[in-house]
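A short write-up of the structure that comes next.
Each chain gets a letter, A, B and so on, in the order its sequence line appears, and its residues count up from 1.
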Number of protein chains: 2
Amino acid sequence: MGKRCFLSSDISPNCSAFNSFRMERDGNPNVMLELISSDFSLFVFHPSVLVPRACCLLLIEMVGICKQDMLQKKKNAVLVDGVILNGPIMDSKAGEKFVEEACKIIMEEVIQKANDVTEKVCEWRAPETLKKILDLEMRDTGESHQKLLQLCQDVIQYSVKTSHPRFFNQLYAGIDYYSLVARFITEALNPSVYTYEVSPVFLLVEETVIKKMIEFIGWEEGDGIFNPGGSVSNMYAMNLARYKFCPEIKEKGLSGLPRLVLFTSEECHYSMKKAASFLGIGTENVYFVKTDERGKMIPEELEKQVQRARKEGSAPFLVCATAGTTVLGAFDPLDEIADICEKHGLWLHVDASWGGSALISRKHCRLLCGIHRADSVAWNPHKMLLAGIQCCALLVKDNSGLLKKCYSAKAAYLFQQDKFYDVSYDTGDKSIQCSRRPDAFKFWLMWKALGTTGLEERVNRALALARYLVEEIKKREGFQLLLEPEYANVCFWYIPPSLRKMEDGPEFWQKLHEVAPIVKERMMKKGSMMLGYQPHRGKVNFFRQVVISPQVSREDMDFLLDEIELLAKDL
Amino acid sequence: MGKRCFLSSDISPNCSAFNSFRMERDGNPNVMLELISSDFSLFVFHPSVLVPRACCLLLIEMVGICKQDMLQKKKNAVLVDGVILNGPIMDSKAGEKFVEEACKIIMEEVIQKANDVTEKVCEWRAPETLKKILDLEMRDTGESHQKLLQLCQDVIQYSVKTSHPRFFNQLYAGIDYYSLVARFITEALNPSVYTYEVSPVFLLVEETVIKKMIEFIGWEEGDGIFNPGGSVSNMYAMNLARYKFCPEIKEKGLSGLPRLVLFTSEECHYSMKKAASFLGIGTENVYFVKTDERGKMIPEELEKQVQRARKEGSAPFLVCATAGTTVLGAFDPLDEIADICEKHGLWLHVDASWGGSALISRKHCRLLCGIHRADSVAWNPHKMLLAGIQCCALLVKDNSGLLKKCYSAKAAYLFQQDKFYDVSYDTGDKSIQCSRRPDAFKFWLMWKALGTTGLEERVNRALALARYLVEEIKKREGFQLLLEPEYANVCFWYIPPSLRKMEDGPEFWQKLHEVAPIVKERMMKKGSMMLGYQPHRGKVNFFRQVVISPQVSREDMDFLLDEIELLAKDL
């Protein structure tokens, strides 16, 4: 019944018979048939494909008809290396229809369900099971639009709904409609931000956003750049501080130099170690400074570490303070740290990736008191403010071109100096990246939509909700707060009924350590919510609830506690 | 006529009177009025806002009505720090409507116009003019949806249309509908790829794509990760090679070690210098190897440089070959370079960011002959294959966990070891990033849609079009090819009529040098096309035409040459 068919590169003009045939076959994965353009078409059969005899006969007949048409029209047809070069090879109408159909699914399955608490946060499947469900393999021939739309549905179904009101698992959550629109525009325009000629709007937007963020830090002037992640921003700062300390490192490298040493708190983000390793400084040259019981760097301990480094003959160059630590949400005392940096001539970088958004709140900006004394600041509006992953700025106080001097490689093919416009707008040479996404744009559109007041409300409300949760935890039996939070991280244990009467001791803590992973497994398999847990500096596994505001309410805070009780009552 | 109004935090239940009022005021930027949820509403007036008296009276009356309703319903209202915590603070219906309206604009203004050659490639405005046109400032109060939609229109209008068939300016171009859908899904789901619990689908997709790319390289096994740019991939490789050479560098850093030296060709991408500087190796320790007249590294010259480094007592550790150089599109002879690397025990990295896609073509993969002998490869499917910016893989031959050992920082809050699933799927610790985008997904969906054959066609057609262009350039008076291209970069001069009879000499070249910038200015101001130019290694400004296939045709190649003639005829 089947016959191998090797009709390749048969040229045919676009004709209605062909189109209707194509429609009919669209759902059939055995036949790969592509409409190349509105003027010309190409039948491509992969040699391994079995085409039914009836289908072949029909096709051969059609090709005959088409070739006749072709003869009349092909005066401009050009064939090079067996490839037809006339007209583009995309069927843009079919493509646009596919985009429209897919957008409908995205609208219905993701955007409209974003705030619906009756939906699951996740539809958990173990890796091996999920591999079987999703048709992951990429094949020689393409799939039909129908099959692709089903794939899109599956991808959405089995992905975690990070915008769900009960997704508390990371330092980002929720959906912002304005940022989302900006991101759709970005994807459709597909720009790269390095030169004004290719990205005029996005470069001006980035300049404006950086200027505005600098205002909130309290600097009179400055510079900055958006990067793919706070970790990368921290690396930029570390390299910049090193360049300032010793510009020759750019050309000569670190070999033969004294050991460079930097200081950060025990509670800092793990990117500090990654950065020190990547930059050739070495993780052992990150001196960790002790923190107090709330997770804040102790300035006296910093002073001691600097003294120690000096005594060892190493070269201290940088202090990385943290404004909003990852686990506890602690803020280092920036003013006192700045005093020490001034005294010792050290660059002060503040990793405010998480806590920076408090600067927007007139009520809570005091958490970052002294930040204007920093030399550089990392701040991720994609976290508390919902600008969408990723939106991360490194801001630099220096306005003498340090960023550019430190990073430039002066590629002549991109940054020509004989352009017809002011090439100071070609900011790409400030970056370690070549192609770079316009991440400032989504923050800008969101800010335009909400105004500073709207952003401020997000911060104020998150912290009020965290406060509410803390008070509820204090009231409920079995819940125990790890510490009074400063910010939106609420850390606590849940002690299940069977452990409540146990004596305090290693056995109690060992048993308590096992509670959070079990509760996490149960909540994920049920799909009711997602919440992080971790052991931390000698403390056994505890929950970390991260409150990000626009999508959540008091009811969700209550739900969280009820649900933990429900999931853990038999433990 | 106006009156300052300070009604803040007045709570009111949702009532139809309020909603209808809200609709009426929506277009008026003087009044900021936010519907907080479907259950409660909050009027927020910024103190600086002037509200007309009539409006105030109406509002006060409404607030009165609302408060009465409120009294009956507010038994669950919770107020903390002056913030109402009941219900989310987003009007999701209005948000969804905004997304729908914006998507319509994106569809009509970007996607449907993508292939239309009658549209302009760019609507050029000088920076200062564009600043005046765009309302860039971010204010305390937000803008109406109507204003925001206009802003979106403006952003689109003044952005460069990189998907336009006559955008030849960079190593990316065009639009792929499948990749675009995947990117819209990504933005709507807003995932971060580090742990299986948060990104189950995207981690499995990344694993599958990396495995498939490794097949095309010709390795039996391997590892890999997607990064924000080929520059970053090259940095990863450099750091990985260094770690393999001396694992202690991760902890100890480079201080006190002999000078590490790496080798790359004179034609390499500028990210090599950026990487060496960033990683603390120093740009002077990048030894540039001479290339032949086609831009290919000369193996004998590499051998000489390695010998030189050894004699100097430095520590050679890495050769970075290039497969598809940025300007000339040259491919280094990988097999011969691999021989030298083997002989000297050097890591071989191939920067195939641009040329890697030729691996998909059975006809053109010979350009990368010997790539299976590399230790690592950078390959950007966002260039020739249209996966969308950014889509960049670093692929590593080692399968013993080198990537993870080199990069891990073991953050306990993210990579808990007592999770209920196989934590080997938590691949985030292989990265220098913390949050990371699922860039493999767009490539995967596109590959599913087109099949390998469809991707192959893109490459074959691009190179056939480039070949066509070369032959046309040879035929036309005034055009002069720089060299016979191997790939899709066609480099040429246009010699305008007035220079054609000049004698060859410094004056001729100086005048020719000035031609390309003028033609570029003219084409941009006209908006007819965009094409790169640069001086390069002693050669005066020439055009670099980059051919990427699905959207362009022979007609666009002809247009390009006609248009240059037209724009430069008076020069």
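For chain B, the nearby parts of A:Ile185 are the backbone and the side chain; heavy atoms of each come within less than 4.5 Å. With a 4.5 Å cut-off on non-hydrogen atoms, A:Asp422 does not touch chain B at all. Neither the backbone nor the side chain of A:Lys410 comes within less than 4.5 Å of any heavy atom in chain B. Interface remark: A:Tyr413 contributes backbone and side-chain atoms alike to the contact with chain B (heavy atom separation under 4.5 Å). For a residue to count as touching a neighbouring chain, one of its non-hydrogen atoms must lie under 4.5 Å from one of that chain's; by this rule A:Val205 touches chain B with backbone and side chain alike. At a 4.5 Å heavy-atom cutoff, the contact between A:Leu180 and chain B is made by side-chain atoms alone. At a 4.5 Å heavy-atom cutoff, the contact between A:Leu257 and chain B is made by backbone atoms alone. Interface residue A:Met107: only side-chain heavy atoms are found under 4.5 Å from chain B. Looking at A:Arg467, the atoms closer than 4.5 Å to chain B (heavy atoms on both sides) all sit in the side chain, from C-beta outward. Both the backbone and the side chain of A:Lys250 have a heavy atom closer than 4.5 Å to some heavy atom of chain B. The contact between A:Asp81 and chain B is made by backbone and side chain atoms together, counting heavy-atom distances below 4.5 Å. When heavy atoms are compared at a cutoff of 4.5 Å, A:Tyr533 approaches chain B by way of both its backbone and its side chain. Using a 4.5 Å cut-off between heavy atoms, A:Val155 contacts chain B through both its backbone and its side chain. At a 4.5 Å heavy-atom cutoff, the contact between A:Asp135 and chain B is made by backbone and side-chain atoms alike. Neither the backbone nor the side chain of B:Pro165 has a heavy atom closer than 4.5 Å to any heavy atom of chain A.
Remark: A:Leu414 CG to B:Tyr270 OH distance equals 5.0 Å, nearest 0.5 Å. Atoms CG and CE, on A:Leu279 and B:Met235 in that order, are 8.5 Å from each other to the nearest 0.5 Å. One finds the CH2 atom of A:Trp124 at 5.0 Å from the OH atom of B:Tyr196 (value rounded to the nearest 0.5 Å). Here the CG atom belonging to B:Leu450 is positioned 9.0 Å from the CG atom belonging to A:Leu148, to the nearest 0.5 angstrom. Expressed to the nearest 0.5 Å, how far SG of B:Cys103 lies from CD of A:Glu100 amounts to 10.5 Å. To the nearest 0.5 Å, the span separating CG on B:Leu254 from CZ on A:Arg259 amounts to 13.5 Å.
Between the side chain of A:Asn285 and the main chain of B:Lys252, a donor-acceptor pair closer than 3.5 Å is present. Side-chain N or O atoms of A:Thr162 include none that pairs as donor or acceptor with a backbone N or O of B:Pro191 at under 3.5 Å.
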Starting from the C-alpha separation in whole Å, work towards a yes-or-no answer on side-chain contact (heavy atoms from CB on, under 4.5 Å) for A:Tyr177 and B:Ser92.
CA-CA 8 Å; A:Tyr177 300 102; B:Ser92 39; 3.0 Å; yes
Could you go through A:Glu251 and B:Thr283, starting from their C-alpha distance and side-chain angles, then the distance that decides it, and tell me whether this counts as side-chain hydrogen bond (donor to acceptor under 3.5 Å, both in side chains)?
CA-CA 5 Å; A:Glu251 287 88 31; B:Thr283 52; 4.7 Å; no
I'd like to know whether B:Asn190 forms a side-chain contact (heavy atoms from CB on, under 4.5 Å) with A:Ile175, so could you lay out the CA-CA distance, the side-chain angles of the two residues, the decisive distance to 0.1 Å, and finally the verdict.
CA-CA 8 Å; B:Asn190 201 33; A:Ile175 187 168; over 6 Å; no
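Considering only heavy atoms from C-beta on, A:Val181 comes within 4.5 Å of B:Cys152 through its side chain. A:Leu130 places a side-chain heavy atom less than 4.5 Å from the side chain of B:Leu204. In this structure, A:Leu136 and B:Trp444 have side chains that are in contact, with non-hydrogen atoms separated by less than 4.5 Å. Looking only at side-chain heavy atoms (C-beta outward), B:Arg461 and A:Leu85 come within less than 4.5 Å of each other. In this structure, the side chains of B:Pro550 and A:Pro88 stay at 4.5 Å or more apart for every pair of heavy atoms. Residues B:Met90 and A:Asn115 form a side-chain contact, since some pair of their non-hydrogen atoms from C-beta on lies under 4.5 Å apart. Side-chain contact between A:Ile389 and B:Arg436: absent, with no pair of heavy atoms (C-beta onward) separated by less than 4.5 Å. Side-chain contact between B:Ser192 and A:Gln170 is absent, with no heavy atoms from C-beta onward closer than 4.5 Å.
Using bins of under 30°, 30° to 60° and over 60° for the plane-to-plane angle, the ring pair B:Phe278/A:Phe278 lands in the perpendicular bin. B:Phe184 and A:Phe184 have tilted rings, their planes meeting at an angle from 30° to 60° on a 0 to 90° scale.
In terms of non-hydrogen atom pairs under 4.5 Å with chain B, the most contact-rich of A:Lys448, A:Lys274, A:Lys363, A:Lys161 is A:Lys448. Per-residue heavy-atom pair counts under 4.5 Å with chain B were compared for A:Pro517, A:Gly280, A:Ala276, and the maximum is reached by A:Gly280. Note on A:Arg139, A:Glu521, A:His382, A:His536: by heavy-atom pairs under 4.5 Å with chain B, the leading option is A:Glu521. Among B:Ile281, B:Val198, B:Leu465, the residue making the largest number of heavy-atom pairs under 4.5 Å with chain A is B:Val198. Counting heavy-atom pairs closer than 4.5 Å to chain B, the top-ranked of the candidates A:Arg125, A:Met138, A:Gln534, A:Glu284 is A:Met138. Heavy-atom pairs under 4.5 Å with chain A peak, among B:Gly230, B:Ala188, B:Ser199, B:Ser271, at B:Ala188. Per-residue counts of heavy-atom pairs under 4.5 Å with chain A were compared for B:Asp154, B:Leu463, B:Asn169; the largest is that of B:Asn169. Per-residue counts of heavy-atom pairs under 4.5 Å with chain B were compared for A:Met530, A:Lys273, A:Arg458; the largest is that of A:Met530. Interface summary for chain A: among B:Tyr421, B:Tyr158, B:Tyr172, the most heavy-atom pairs under 4.5 angstrom belong to B:Tyr172. Interface remark: of the candidates B:Ala102, B:Pro228, B:Gly256, B:Pro228 forms the most heavy-atom pairs closer than 4.5 Å to chain A. Between chain B and the options A:Cys122, A:Ala412, A:Gly229, A:Ser159, the largest number of non-hydrogen pairs under 4.5 Å is found for A:Ser159. Note on B:Gln390, B:Arg544, B:Gln551, B:Met524: by heavy-atom pairs under 4.5 Å with chain A, the leading option is B:Gln390.
When every heavy atom of B:Ile89 is checked against every heavy atom of A:Ser549, the shortest pair comes out as CD1-OG, 3.9 Å. When all heavy atoms are compared, the tightest approach of A:Val83 to B:Asn460 is CG2-O, 4.1 Å. In this structure, B:Val201 and A:Leu134 approach most closely via the heavy-atom pair CG1-CD1, 3.9 Å.
Donor-acceptor pairing under 3.5 Å is lacking for the side chains of B:Ser231 and A:Gln433.
Ring-centre distance between B:His145 and A:Tyr178: below the 6.0 Å cut-off.
Taking 4.0 Å as the cut-off between side-chain N and carboxylate O, B:Glu197 and A:Lys520 count as a salt-bridged pair. We find that A:Arg437 and B:Glu187 are joined by a salt bridge, their nearest charged nitrogen and carboxylate oxygen being less than 4.0 Å apart. In this structure, B:Glu137 does not pair ionically with A:Lys212, as no charged nitrogen and carboxylate oxygen lie closer than 4.0 Å.
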